[in-house]
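Below: the structure, in structure tokens.
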Number of protein chains: 2
Amino acid sequence: MIRTVPKVSDAHREQRREQILIAAWKCFARNGFHSTSMADVISEAGLSAGAVYLYFRSKEEIILAVAGQVFTGIAGRMAELFEREPPPSPAEVAGFLIEQPVLARAQTPGDLFPLLLAVWAEATRNPILADLADEILGALRQQITRLFERWESTGQDLRIPARDLAPVLVSLVQGFVTQQALVGNPSPETYRQSVVALFDAAGLGPAQPAG
Amino acid sequence: MIRTVPKVSDAHREQRREQILIAAWKCFARNGFHSTSMADVISEAGLSAGAVYLYFRSKEEIILAVAGQVFTGIAGRMAELFEREPPPSPAEVAGFLIEQPVLARAQTPGDLFPLLLAVWAEATRNPILADLADEILGALRQQITRLFERWESTGQDLRIPARDLAPVLVSLVQGFVTQQALVGNPSPETYRQSVVALFDAAGLGPAQPAG
DNA sequence: CTTCCAAGAAGGATCGTTCGTTTTCCTGCT
DNA sequence: AGCAGGAAAACGAACGATCCTTCTTGGAAG
């Protein structure tokens, strides 16, 4: 009986997909989704057109894969924060949330921040990305909300409904990414300090751990 | 002597340009810059290809014109705030800055917020737009900074350097626009109240208008 | 009649994708 | 162990579609 055996292992196959995604990431970060051609991605990956289309069905599929990595990559970085005990203060939460994209930026193949702006813009018109953005953003807000509620349950006074304050935290991150991508400042340190100082002044600190 | 007389007045000519820009605005807000074809703009304007190219040299020129309107339109709305006497508190400034894009959104031909995301994304790779963004954002920050300094000079305590707090205010607006464009919430009222409450709690209120 | 605006078909270029061919590498037999 | 067979992977030229732009033609206004 004749059995067809995979030419290369699944691991190798997954590695090839990663190679293509990294190339696409670089191109998309540099020129956005619609100004990079498949020829750009193919050239950056050092492969041929036919090879790339063995691993991805279309350009759209590559876009969705990269955008998905961007979303889940950043969201995944936040996970640790939400498990902390005792619950950190809003000032600490804000400081942490601002730090993460900066750390992620240093580890990505292409500049994360312009790519993030491209993903947000694309999510306003691509239904699949819109659903993903809704899911990720909703989960992030909900986890921040729960963190605030836990913080309140330790006897602290939030003064603002937790679910209303969460989007403000998210804004502070999104706005920082936007301004950094657009004009390259303010610096992460300065910005984080200002935000933390604001929350401290609002009685939503301290950075001092309760204990 | 033969003199060439304009067939239509300059006013009419400017009106035609506006007609095309409004059509382009709608298309760009719906599909972004690079996913709308000139055929889309031409069709939306109810004109012919040849006619459109009588008033604009290229698609790029239309993109720059629309993006310029978006930038200067929003920046222009803020102008009144910076003239106020006595200087408004940071809480009032924040509330005002958040309100303006919402008011502008109701007056634009197409949805302003997705278009704004597209403009920001495009500004990260188009040098001309990058310069414009740098100029507009820089001016906005500087005017906010000056407003804070004036507020401090009335004896109030800002607790954070004015030039460091300004980008935080900008972030709160950018983040709100981003979240509204992505998931349609939070509502302007809820968001503005939360931000104002935060600044009030930080001693940067009151939101009560002077007068 | 002259002049200019508008129209829309056509041109030239680029794009995403496919497909026939070549190369590579695993498998099974000698 | 080494060779032959074959299937999968890689290549890259080519295709059809779409894009931006131009240019010729028609018509309206002064």
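Letters A, B, ... are given to chains in the order of the sequence lines, protein chains preceding strands, and every chain is numbered from 1.
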- Message: Counting only heavy atoms from other residues, nucleotides and ligands, does the tally under 6.0 Å from CZ of A/R150 exceed 12?
- Response: yes

- Task: Assess whether atom CZ of A/R146 is packed by more than 12 heavy atoms of other residues, nucleotides or ligands within 6.0 Å.
- Result: no

- Nucleotide nearest A/L54 when distance is taken to its side chain, options D/dA9, D/dG12, D/dT22: D/dA9

- Check each residue of residues 28-45 of chain B for a non-hydrogen atom within less than 4.0 Å of any atom in DNA chain C, then write out the ones that pass by number, or none. none

- Task: Using a cut-off of strictly less than 4.0 Å between a heavy atom of the residue and any atom of DNA chain C, enumerate the qualifying residues of residues 56-64 of chain A by number.
- Result: A/S58, A/K59

What is the separation between atom [atom1] on [X] and atom [atom2] on [N], rounded to the nearest whole Å?
{"X": "A/R17", "N": "D/dA10", "atom1": "CZ", "atom2": "C1'", "result": "17 Å"}
{"X": "B/H12", "N": "D/dG30", "atom1": "NE2", "atom2": "P", "result": "11 Å"}
{"X": "A/Y53", "N": "C/dC15", "atom1": "OH", "atom2": "P", "result": "12 Å"}

- Query: Side-chain N or O of A/Y55 less than 4.0 angstrom from OP1 or OP2 on D/dA10?
  - Reply: yes

- Would you say A/R16 reaches D/dA10's phosphate, i.e. side-chain N/O to OP1/OP2 under 4.0 Å? yes

- Note on the structure: Residues at least two apart in sequence or cross-chain that pass side-chain contact (heavy atoms from CB on, under 4.5 Å) with B/N185, listed by chain then number, are A/R141, B/V183

Does a donor on one side chain and an acceptor on the other come within less than 3.5 Å for [X] and [Y]?
{"X": "A/Q142", "Y": "A/T145", "value": "no"}
{"X": "B/S37", "Y": "B/D40", "value": "yes"}
{"X": "B/S58", "Y": "B/Y53", "value": "no"}
{"X": "B/S171", "Y": "A/Q179", "value": "yes"}

- Apply the test salt bridge (Lys or Arg N to Asp or Glu O under 4.0 Å) to residues A/R192 and A/E189: give CA-CA distance (whole Å), side-chain angles for both, the deciding distance (0.1 Å), then the verdict. CA-CA 5 Å; A/R192 192 185 57 81; A/E189 298 79 15; over 6 Å; no

